[in-house]
Novice: 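Let me begin by handing over the structure; questions about it come next.
Atoms within a ligand are numbered from 1 in the order they appear, just like the ligands themselves.
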Amino acid sequence: MKNNNTLVIIGAGGHGLVAADCAENIGHYNEIIFLDDCLEKLKDKNHWHIAGPIDSWVEYDENVNFIVAIGNNTIRASILQQLSAANRCLATLIHPTAFISKHSYIGPGVVIFANAVVNIGARIDEGCIINTAATIDHDCHIQAYCHISPGVNIAGGVNVGKLSWLGIGSSVVEYITLAQNTQSGAGAVITKPTQSNKLYLGVPARPVRSLI
Ligand SMILES: CC(=O)SCCNC(=O)CCNC(=O)[C@H](O)C(C)(C)COP(=O)(O)OP(=O)(O)OC[C@H]1O[C@@H](n2cnc3c(N)ncnc32)[C@H](O)[C@@H]1OP(=O)(O)O
């Protein structure tokens with residue numbers, strides 16, 4: 001029977017597996033189901049299975065909890081918006097080793113993985129990924145559908161525009177605004193406000209190409 005201890009994870013790639021592992025560590029869910037268009041993906045891999053393609057989410061009612069575990073921000077946003085419009089329940093996964101200030105806000109559909117930190121006054125909007133050991137310092141605002149990759153450090157008071165992807169190990173100095181769909185490459189250090197839809201690389205980070 002599907003109930004509010006059932007977690008449906010859309011996307012069975014590496015990110016989906018980390019999300020499932022996180023959910024197991026949280027301990028609240030007694031059933032974890034994957035949906036993915038590649039039905040063979042988890043074959044011989046572990047104890048989870050894929051119950052159907054992505055669009056079979058319509059068969060699961062308002063009593064189950066959904067996580068969209070797709071790294072692509074635009075695709076994740078689109079599916080989350082469909083789920084919300086259909087009144088489905090978006091789960092929030094926070095690994096037990098993450099530190100989350102009780103004076104922060106974590107939106108629906110957010111995942112926060114092991115050893116991440118979200119400090120006082122921070123706001124993480126719907127559908128963001130705060131990946132392993134990323135730190136979001138005081139008073140930051142991470143707008144909807146961002147991916148903050150493993151090991152990213154964001155100093156205090158930074159505003160990250162929606163759909164942004166900060167690459168592994170990159171960092172952002174305090175009190176600047178990153179425009180919508182900012183992307184930083186691995187190891188970049190962002191020291192100035194960014195323009196929307198641009199990829200930034202290097203130390204200090206410079207815009208290298210447009211993303212649209
Ligand atoms: C749990 C998880 O796994 S979450 C996923 C985390 N993954 C990440 O954060 C990945 C971040 N991705 C990157 O940094 C990528 O290198 C990108 C997106 C910046 C560029 O990728 P591509 O467009 O495929 O570029 P490509 O690899 O062809 O490199 C193009 C040039 O940029 C350089 N370059 C690539 N990445 C970087 C970087 N982070 N910093 C500086 N230069 C870089 C390359 O050396 C190459 O230079 P060259 O032309 O002089 O040889």
Novice: I need the atoms of ligand 1 closer than 4.0 Å to a non-hydrogen atom of Arg209, numbered in the order shown.
Specialist: 23 (O)

Novice: Please verify the inter-ring angle class for Tyr60 with Phe66; under 30° counts as parallel, over 60° as perpendicular, anything in between as tilted.
Specialist: perpendicular

Novice: Determine whether the side chain, the backbone, both or neither of Arg206 has a heavy atom under 4.0 Å from any heavy atom of ligand 1.
Specialist: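 Arg206 to ligand 1: no contact under 4.0 Å from either part.
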
Novice: Just which atoms of ligand 1 are under 4.0 Å from any heavy atom in Gly185?
Specialist: 14 (O), 19 (C), 39 (N)

Novice: Indicate whether the side chain of Gln143 and that of Asn159 have a donor and an acceptor atom separated by less than 3.5 Å.
Specialist: yes

Novice: Could you measure the distance from the OG1 atom of Thr92 to the CD1 atom of Ile124? Nearest 0.5 Å is fine.
Specialist: 11.0 Å

Novice: Pairing donors with acceptors under 3.5 angstrom, does anything connect the side chains of Asp137 and Asn119?
Specialist: yes

Novice: Just heavy atoms, cut-off under 4.0 Å: does Ala188 contact ligand 1 by side chain, backbone, both, or neither?
Specialist: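 Within the 4.0 Å criterion, Ala188 makes no contact with ligand 1.
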
Novice: If we count only non-hydrogen protein atoms and require a distance under 4.0 Å, does atom 48 (P) of ligand 1 qualify as touching the protein?
Specialist: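 Under the 4.0 Å cut-off, atom 48 (P) of ligand 1 has no protein heavy-atom neighbours at all.
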
Novice: Applying salt bridge (Lys or Arg N to Asp or Glu O under 4.0 Å), can you list everything that pairs with Asp125, at least two apart in sequence or on another chain?
Specialist: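 Asp125 satisfies salt bridge (Lys or Arg N to Asp or Glu O under 4.0 Å) with Arg123 once adjacent residues are dropped.
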
Novice: Measuring to protein heavy atoms, does anything land under 4.0 Å from atom 4 (S) of ligand 1?
Specialist: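 Yes, there is one.
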
Novice: So if you build clusters from Ile, Leu, Val, Met, Phe, Trp, Tyr with side-chain heavy-atom gaps below 4.5 Å, do Ile9 and Leu39 land together?
Specialist: yes

Novice: Right, does atom 30 (C) of ligand 1 have protein non-hydrogen atoms nearer than 4.0 Å?
Specialist: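 No, there is none.
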
Novice: Is the contact between Gln183 and ligand 1 made by the side chain, the backbone, both, or neither, using heavy atoms and a 4.0 Å cut-off?
Specialist: side chain

Novice: Against heavy atoms of Trp165, which atoms of ligand 1 measure under 4.0 Å?
Specialist: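 Contacts of ligand 1 toward Trp165, numbered from 1: 7 (N), 8 (C), 9 (O), 10 (C).
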
Novice: Do Ile106 and Val118 make a side-chain contact, defined as non-hydrogen atoms from C-beta onward lying under 4.5 Å apart?
Specialist: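 The answer is yes, as the side chains (C-beta and beyond) meet within the 4.5 Å cut-off.
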
Novice: Without hydrogens or angle criteria, can the side chains of Thr97 and His95 be said to hold a donor-acceptor pair below 3.5 Å?
Specialist: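 Indeed, the side chains of Thr97 and His95 share at least one donor-acceptor pair under 3.5 Å.
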
Novice: Strictly inside 4.0 angstrom of atom 9 (O) of ligand 1, do you find any protein heavy atom?
Specialist: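 Answer yes: something from the protein, a heavy atom, is under 4.0 Å.
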
Novice: Is atom 14 (O) of ligand 1 close to the protein, meaning a heavy atom under 4.0 Å from it?
Specialist: yes

Novice: Could you identify the single nearest non-hydrogen protein atom to atom 33 (C) of ligand 1 and state the distance to 0.1 Å?
Specialist: Leu201 CD1, 4.6 Å

Novice: Report yes or no: do Glu24 and His47 form a side-chain donor-acceptor pair below 3.5 Å?
Specialist: yes

Novice: Compare Ser149, Gly71, Ala186 and give the one whose heavy atom is closest to atom 39 (N) of ligand 1.
Specialist: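 Considering heavy atoms of Ser149, Gly71, Ala186, the nearest to atom 39 (N) of ligand 1 sits in Ala186.
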
Novice: Could you tell me if the ring centre of His141 sits under 6.0 Å from that of Tyr105?
Specialist: no

Novice: Under a plain distance cut-off of 3.5 Å, with no hydrogens placed, do Tyr200 and Gln183 share a side-chain donor-acceptor pair?
Specialist: no

Novice: Is atom 18 (C) of ligand 1 less than 4.0 angstrom from at least one protein heavy atom?
Specialist: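 Looking at atom 18 (C) of ligand 1, one finds that a protein heavy atom does lie closer than 4.0 Å.
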
Novice: Answer yes if a protein heavy atom lies under 4.0 Å from atom 42 (N) of ligand 1, otherwise answer no.
Specialist: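 Looking at atom 42 (N) of ligand 1, one finds that a protein heavy atom does lie closer than 4.0 Å.
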
Novice: Against heavy atoms of Pro150, which atoms of ligand 1 measure under 4.0 Å?
Specialist: 1 (C), 4 (S)

Novice: Within ligand 1, which atoms have a heavy atom of Ile168 less than 4.0 Å away?
Specialist: 8 (C), 9 (O)

Novice: Considering the heavy atoms of Gly167, write down every atom of ligand 1 situated less than 4.0 Å from one of them.
Specialist: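 In order of numbering, the contacting atoms are 9 (O).
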
